[in-house]
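Read through the structure below, which is laid out as structure tokens, and then see the notes.
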Amino acid sequence: MTEQTNSIIHTDAVVVGAGFAGLYMLHTLRDKLGMKAEVYEAADDVGGTWYWNRYPGARCDISSYHYSFSFSEDIQQEWSWSEKYAGQAEILDYLRFVADKLNLRDDITFETRVISSDFDEQTNRWTIKTNRGHTVICKYYISGVGTLSTAAIPSYPGKDSFKGDVFATSSWPHEGVDFTGKTVGIIGTGASAIQAIPLIAEQARHLTVFQRTPNYATPLQNSPMDDAEANAIKANYGPLRKEARAALAGVPFPNMRESIFNDTPEQVQEHLEDCWNDGGFALWLGSYGDILFDEKANAIVAEFVRNKIRARVKDPKTAELLCPDYLYGTKRQPCETNYFETYNRDNVSLVDIKSNGINQITEQGLELVNGDSYAFDCLIYSTGFDAFTGPLFKLNLKGRNDVRLQDYWRDGPRTNLGLMSNGFPNFFMITGPQSPSVLFNMPLGIEQHVEWIADTIRYMEANGIETIEPEKAKEDEWRGVVEGIANSTLLPKTNTWYTGSNIPGKPRSFMVYLGGGAAYKQVCDDVAQNGYSGFLLG
Ligand code: N01
């Protein structure tokens with residue numbers, strides 16, 4: 001149990017967030033390391049991203065048996081997934097099951113936000129304060145706040161004047177929303193909106209989609225899982241996880257071919273068609289090895305997807321508006337179910353806001369730059385996130401010499417391995433910027449980070465080490481590694497939230513390590529085996 005004196009709580013470790021990351025971190029600290037730990041969570045339940053993103057159609061685009069914890073054979077065997085790609089409610093139920101099974105709730109304080117985090121150089125301890133008056137002092141401070149948990153809602157003129165109901169896909173009402181008989185406007189056509197739009201269109205009287213950039217969405221090809229399939233997976237989890245960890249993005253794509261130019265045009269079309277039918281990320285991450293490196297290879301897949309869109313959308317003008325022209329796969333590829341057919345409905349219209357942007361939000365709806373105005377009962381923002389750094393900055397971290405993380409990262413994140421930052425000793429970031437994070441299977445990436453952090457803490461405790469933080473020079477080196485790998489691909493050529501360019505004024509830097517989970521793990525393990533080379537131990 002954590003000690004409490006004069007309403008100040010003293011504990012070994014504080015973890016922020018009770019999603020995949022926070023839950024496994026708590027279990028590891030408490031049940032494997034025997035430490036005292038406190039978890040603070042803003043929501044009234046576990047689940048993290050799967051607690052908040054409850055919009056219609058919210059679903060994971062990685063198959064359920066890959067997008068799940070691998071650390072417990074009991075959990076793997078006891079839990080059964082009902083669909084190949086699990087919906088939000090089922091993933092949330094899974095995380096509740098994990099929390100209950102491991103008895104984690106007792107050490108989680110819900111409905112509580114961290115509001116400040118200060119490092120004391122005299123005592124080498126963090127003092128953490130919450131919006132509910134807690135003051136906690138700890139040696140180890142671990143963020144499990146996630147990468148996509150701070151919504152980015154554009155600050156249009158007149159934003160608060162709209163008289164109808166306003167929703168955001170990133171924090172959907174728990175009781176759901178009934179759009180029957182309503183007119184609805186939705187801004188944004190990213191992965192979230194592409195999942196939500198077909199279902200909202202089925203309910204609403206009229207849906208107007210405001211699109212700035214169309215996307216290369218490909219079919220998810222979801223299906224129910226029967227007992228025979230589930231049992232076969234359960235009997236095979238060992239090899240399945242091994243294969244996933246070895247795969248670049250943490251999900252195996254066994255049909256990947258090396259280069260699109262090794263095949264004849266007919267073979268290419270046939271293979272792309274097979275990947276399209278396999279569904280999920282098969283076309284993006286599992287078709288040809290050169291499509292994210294070579295513009296000519298990329299163009300072939302881009303045109304393949306555009307032709308699919310043209311074949312599915314009846315009105316040629318609408319079809320062309322839905323055809324992207326940026327480099328295929330340089331934005332996160334959304335997965336869809338009936339998305340393009342939705343535009344064949346009489347009650348759905350698509351408005352291009354690239355050439356004619358939103359000028360202001362009005363009492364009835366919104367107005368575009370050319371003066372066109374639209375009225376509706378409900379307005380939905382599906383406009384993305386201040387990714388990676390947004391949630392970390394909300395912790396209001398002050399490290400050595402009272403330096404704020406926001407100031408230290410003025411020109412973009414400075415980390416070693418995406419795990420720690422100089423001047424912020426003993427502060428660990430699970431799936432932090434410059435780690436594989438969003439471009440690796442999240443639960444497996446989280447497990448690797450949690451286990452590395454736990455080993456580091458074990459090492460520190462065994463060797464009487466009070467503090468660990470990266471050398472400053474290593475941070476420059478690591479940024480060079482991350483950006484060097486990214487620049488060898490086509491991804492940085494497009495403005496995306498991977499580079500921070502979706503947020504006005506955010507410094508541009510590529511924030512994901514693209515070398516693959518296995519290579520990344522090797523680097524992390526080598527650092528540890530070499531006595532934490534590149535880190536300062538105090
Ligand atoms: O957000 P987005 P999202 N005016 O940033 C538009 C994960 N996810 O919530 O492209 C007008 O992709 C913006 O337009 P543009 C997944 O990693 C996972 O959809 O910037 N429009 C875009 O269309 C995903 O990548 C699952 O031109 C504006 C949209 O809003 C990530 O979440 C499922 C605008 C934002 O799209 C984010 O997806 C769903 C403005 N001022 C999501 N600002 C899983 O399967 C932004 N837009 C696990």
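Every number for a ligand or one of its atoms is a count from 1 in the order of the listing. The basis for the numbers below is simple: all heavy atoms, side chains too, and nothing from hydrogens, waters or symmetry mates. These figures come from a predicted structure and were not determined experimentally. Residue indices begin at 1 and follow the sequence shown.
- The ring-ring contact (aromatic ring centres under 6.0 Å, His included) test with Y513 is passed by exactly one of F440, Y498, W478: W478.
- Atom 23 (O) of ligand 1 has as its closest protein heavy atom T189 N, 2.9 Å.
- Proximity of a side-chain donor or acceptor of E336 to a complementary backbone N or O of Y339 within less than 3.5 Å is detected.
- In this structure, Y94 and F69 have tilted ring planes: the angle between them lies in the 30° to 60° band.
- Proximity of Y381 to ligand 1, defined as any heavy-atom pair under 4.0 Å, is not found for any part of the residue.
- Between the side chains of S170 and N53, no donor-acceptor pair of N or O atoms lies under 3.5 Å.
- Distance alone, capped at 3.5 Å, is enough to place a donor-acceptor pair between the Q203 side chain and the F179 backbone.
- Looking only at distances, no side-chain donor or acceptor of T499 sits under 3.5 Å from a matching main-chain atom of N495.
- Using a 4.0 Å cut-off between heavy atoms, Y67 makes no contact with ligand 1 at all.
- With contacts defined as side-chain heavy-atom distances shorter than 4.5 Å, the pair W409/T415 qualifies.
- Here the side chain of D165 pairs no donor or acceptor atom with the backbone of C378 at under 3.5 angstrom.
- Near Y55, meaning under 4.0 Å from any of its heavy atoms, are these atoms of ligand 1: 33 (C), 39 (C).
- Judged by distance alone, the side chain of T383 and the main-chain N or O of G188 form no donor-acceptor pair under 3.5 Å.
- The single protein non-hydrogen atom nearest to atom 12 (O) of ligand 1 is G190 CA, 3.7 Å, given as residue, atom name and distance.
- Of the listed residues (S192, P214, G357, P154), the one carrying the non-hydrogen atom nearest atom 41 (N) of ligand 1 is P154.
- Checking Y381, Y55, F167 one by one against W172, the ring-ring contact (aromatic ring centres under 6.0 Å, His included) holds for a single residue, F167.
- Using a non-hydrogen distance threshold of 4.0 Å, V438 does not register as a contact of ligand 1.
- Of the N and O atoms on the side chains of Y326 and N215, at least one donor lies less than 3.5 Å from an acceptor on the other residue.
- Across the listed options K331, Q195, R212, K331 owns the non-hydrogen atom lying nearest to atom 10 (O) of ligand 1.
- Residue L148 has at least one heavy-atom neighbour below 4.0 Å for each of these atoms of ligand 1: 7 (C), 17 (O), 31 (C), 32 (O).
- With a heavy-atom cut-off of 4.0 Å, W497 touches ligand 1 through its side chain alone.
- In terms of N/O distances under 3.5 Å, ligand 1 is not approached by T169.
- Those atoms of ligand 1 with a heavy atom of C60 less than 4.0 angstrom away are 45 (O).
- The protein atom (non-hydrogen) at minimum distance from atom 27 (O) of ligand 1 is T213 OG1, 2.5 Å.
- Summarising the contacts of atom 45 (O) of ligand 1 with I353, T383, N53, D61, the nearest heavy atom is found in D61.
- More than 12 heavy-atom neighbours from other residues, nucleotides or ligands sit within 6.0 angstrom of CZ on R332.
- Taking distance alone, with nitrogen or oxygen atoms compared against 3.5 Å, W50 stays at or beyond that limit from ligand 1.
- When the heavy atoms of S382, G384, S501, P324 are ranked by distance to atom 29 (C) of ligand 1, first place goes to S382.
- Checked by distance only, ligand 1 and N215 stay at 3.5 Å or farther apart across all their nitrogen or oxygen atoms.
- In terms of protein heavy-atom proximity, atom 4 (N) of ligand 1 is nearest to Y156 OH, 2.8 Å.
- For atom 18 (C) of ligand 1, the nearest non-hydrogen atom from the set K354, R332, M442 comes from R332.
- Counting the atoms of ligand 1 from 1 in the order shown, those under 4.0 Å from a heavy atom of G188 are 6 (C), 23 (O), 29 (C), 30 (O).
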